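Report on the following structure.
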2 protein chains.
Amino acid sequence: MAQAISPPTFKPLYQQIKMLITQSLISGEWGPGEAIPSEIELAQRFHVSQGTVRKAISELAQENLLVRHQGKGTFVASHSEERRKYHFLRLLPDGGGKIGSEGELISCERGKADADTAKLLEVGRGSNLFIVTRVMRFGERPVMYEEIRLPAALFKGLAAERIDEFHCRMYSMFESAYGIQILQVAEQIKAVAAHGEPARLLGVPEGAPLLSIHRVSYTYGDKPVEVRKTLCNTRDHSYVNKIV
Amino acid sequence: MAQAISPPTFKPLYQQIKMLITQSLISGEWGPGEAIPSEIELAQRFHVSQGTVRKAISELAQENLLVRHQGKGTFVASHSEERRKYHFLRLLPDGGGKIGSEGELISCERGKADADTAKLLEVGRGSNLFIVTRVMRFGERPVMYEEIRLPAALFKGLAAERIDEFHCRMYSMFESAYGIQILQVAEQIKAVAAHGEPARLLGVPEGAPLLSIHRVSYTYGDKPVEVRKTLCNTRDHSYVNKIV
DNA sequence: GAGTGGTCTAGACCACTCA
DNA sequence: GAGTGGTCTAGACCACTCA
């Protein structure tokens, strides 16, 4: 580990360390919320300097795989942390104020992947899926209608009861019940006209404008694990985004 | 500079260096696209080690104020760089493919700030504004209708000709003609029903769903300098967003 | 070959946490 | 007071650019 090979395969040491730490995260050597070994211990384990470990950890912290706390240690990121709980929810009430969402499970069914979904989830066409449908309320009003598609192979034995229990904190449930960490989501947003069942559940007339969000969620190694289609009534809420 | 004051006002050295470099950027000591002094020179100027300067520069590069090029030097970010040109445009064609937008100036008028705009731009209510209206086309079709409000105090002598010449590369024009660097934008997105002039210009029927984007743009020191309201026809385009 | 930023080390000292 | 991550230094060597 002390030397890196040169010409075509030059990879900085700290990136190799980054990959080794990531491997340990994937293998579950340290679970969500747990502390990883100190920088000094890791430096000894990998036979590099503390500075090199630090650089690797800093990048992993920036990518939200790890969380550093001065004086305490470095911890595996978890969706049960407060700062992470609504991290992927960008729909906020216009008045400002807190979110405090609750929801209602509509259904949890088995299904097959159509061509589009199969491609997005990188599974075979016709693969088994769970399809979860729910409505989220902020305050009194229903605001979001969601259809969530999950590969059955990764979510073995997913039951409506489990969904119902956890469905407001779905990514926490993915983490604790299936060991799946959502790290990144990619969204495509459009304005569409309301119709049918979703319109009825959201309490808006046919043809009313709704925000449509198509999301693909990724875990370690950019592996897709969820496809989610959301329809939002943006009368009193907005999707907020900051571009830097 | 060698020592930092302790108890209540502890600020790391590299953050003080960061602020000094930012001051030089604001004052225009180095213009957009120009090289700043090398790390070694800056270390000598500020009487700190190269590592401390490096840490300051790294953060500024991450915030897109600077761009580093190994072997060449560190440069002031500019909107004429290829990587920055469409940085704040998140509406992309669904098929993939290139953007290549062109547009058409509808009007460039003087106006007064209403209460909302004044608050967002942090200017007095009733302050002078320029209000630019335009339609952007991607390919043949009109896709976005935009109303852009700019404080007249910052954009002295803004003329319709200048807008027309540059209006597809507005932030490049802000930079070169007015020395204003857009560094960050905050957006609020809703689905709304089309009506009136914008509907006509976008060629959609009354009531058709459109994506509404309210943007506030910020320059150095989080100073707001632009309010922009956009209506998008998302039939063949989507607003894309990646959350990490 | 000279100059730039990028990596890596070893070591000092600091701020913070917890017992 | 012991242990953690955070800052800062000085110095070596590397990859890359350009003339």
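In what follows, chains carry the letters A, B, and so on, assigned in the order in which the sequence lines appear, proteins first and then strands, with residues in each chain numbered from 1. These values consider heavy atoms only, across backbone and side chains, with no hydrogens, waters or symmetry-generated copies. What you see is a predicted model, and the numbers here were worked out from it, not measured in a lab.
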Separation of C:dT4 C1' from B:Arg68 CZ (nearest whole Å) | 10 Å
Under 4.0 Å between a side-chain N/O of B:Lys55 and OP1 or OP2 of D:dT7, yes or no?
-> yes
Measure from OH on B:Tyr14 to C1' on C:dC14 and round the result to the nearest Å.
-> 13 Å
Main-chain N/O of A:Leu60 paired with A:Glu63 side-chain donor or acceptor, under 3.5 Å | no
Quick one: does A:Phe46's side chain get under 4.5 Å of A:Ile21's, heavy atoms only?
-> yes
Euclidean distance, atom CD of residue B:Gln70 to atom P of C:dA2 [Å, nearest integer] = 19 Å
Taken to the nearest 0.5 Å, the spacing of A:Leu154 CG from A:Leu129 CG works out to 10.5 Å
Can you tell me how far P of D:dG11 sits from CD1 of B:Ile40, to the nearest Å?
-> 12 Å
Short side-chain N/O contact to C:dT4 OP1/OP2 from B:Ser38, under 4.0 Å | yes
Do the rings of A:Tyr171 and A:Phe88 sit parallel, tilted or perpendicular, given the 30° and 60° boundaries?
-> perpendicular
Roughly, in whole Å, what's the span from CD in B:Gln44 to P in C:dT4?
-> 10 Å
What's the closest nucleotide to the B:Pro12 side chain, out of C:dT7, D:dT7, D:dT9?
-> D:dT7
Look up atom CD1 in A:Ile57 and atom CD1 in A:Ile36, then write down how far apart they are to the nearest 0.5 Å.
-> 4.0 Å
Listed nucleotide nearest any side-chain atom of A:Ser49, set D:dT9, C:dA10, C:dT4 | C:dA10
Are the side chain of A:Gln15 and the backbone of A:Pro12 linked by a donor-acceptor contact shorter than 3.5 Å?
-> no
Taking atom P of D:dC18 as reference, at what distance in whole Å does atom NE2 of B:His69 sit?
-> 10 Å
DNA chain D contacts among residues 21-36 of chain A, heavy-atom distance under 4.0 Å = none
Answer yes if the side chains of A:Arg68 and A:Ser58 hold a donor-acceptor pair under 3.5 Å, and no otherwise.
-> yes
Which residue, A:Lys72 or A:Gln15, contacts DNA chain C at a nucleotide closer to its 5' end, judged by nearest heavy atom?
-> A:Gln15
With respect to the phosphate group of D:dT9, does any side-chain polar atom (N or O) of B:Thr52 fall under 4.0 Å of OP1 or OP2?
-> yes
Is there a donor-acceptor contact under 3.5 Å from the side chain of B:Gln16 to the main chain of B:Lys11?
-> yes
Pairs under 3.5 angstrom only: tabulate donor-acceptor contacts from the side chains of residues 178-189 of chain B to other protein residues two or more places apart or in another chain.
{"from": "B:Tyr178", "atom 1": "OH", "to": "B:Arg162", "atom 2": "NH1", "distance (Å)": "3.3"}
{"from": "B:Gln181", "atom 1": "NE2", "to": "B:Ala77", "atom 2": "O", "distance (Å)": "3.3"}
{"from": "B:Gln181", "atom 1": "NE2", "to": "B:Glu175", "atom 2": "OE1", "distance (Å)": "2.6"}
{"from": "B:Glu187", "atom 1": "OE1", "to": "B:Tyr239", "atom 2": "OH", "distance (Å)": "2.4"}
{"from": "B:Glu187", "atom 1": "OE2", "to": "B:Arg215", "atom 2": "NE", "distance (Å)": "2.7"}
{"from": "B:Glu187", "atom 1": "OE2", "to": "B:Arg215", "atom 2": "NH2", "distance (Å)": "2.9"}

B:Phe10 CZ - D:dG5 P separation (whole Å) = 17 Å
Do B:Glu122 and B:Lys223 meet the salt-bridge criterion of a basic N to acidic O distance under 4.0 Å?
-> no
Figure out the CG/P separation between A:Leu13 and D:dC14, and round it to whole Å.
-> 13 Å
Any side-chain N or O of A:Arg54 less than 4.0 Å from the OP1 or OP2 oxygen of D:dG5?
-> no
Could you give me the stems involving DNA chain C, meaning stretches of three or more consecutive Watson-Crick or G-U wobble pairs whose two defining distances are both below 3.5 Å?
-> C:1-18 with D:1-18
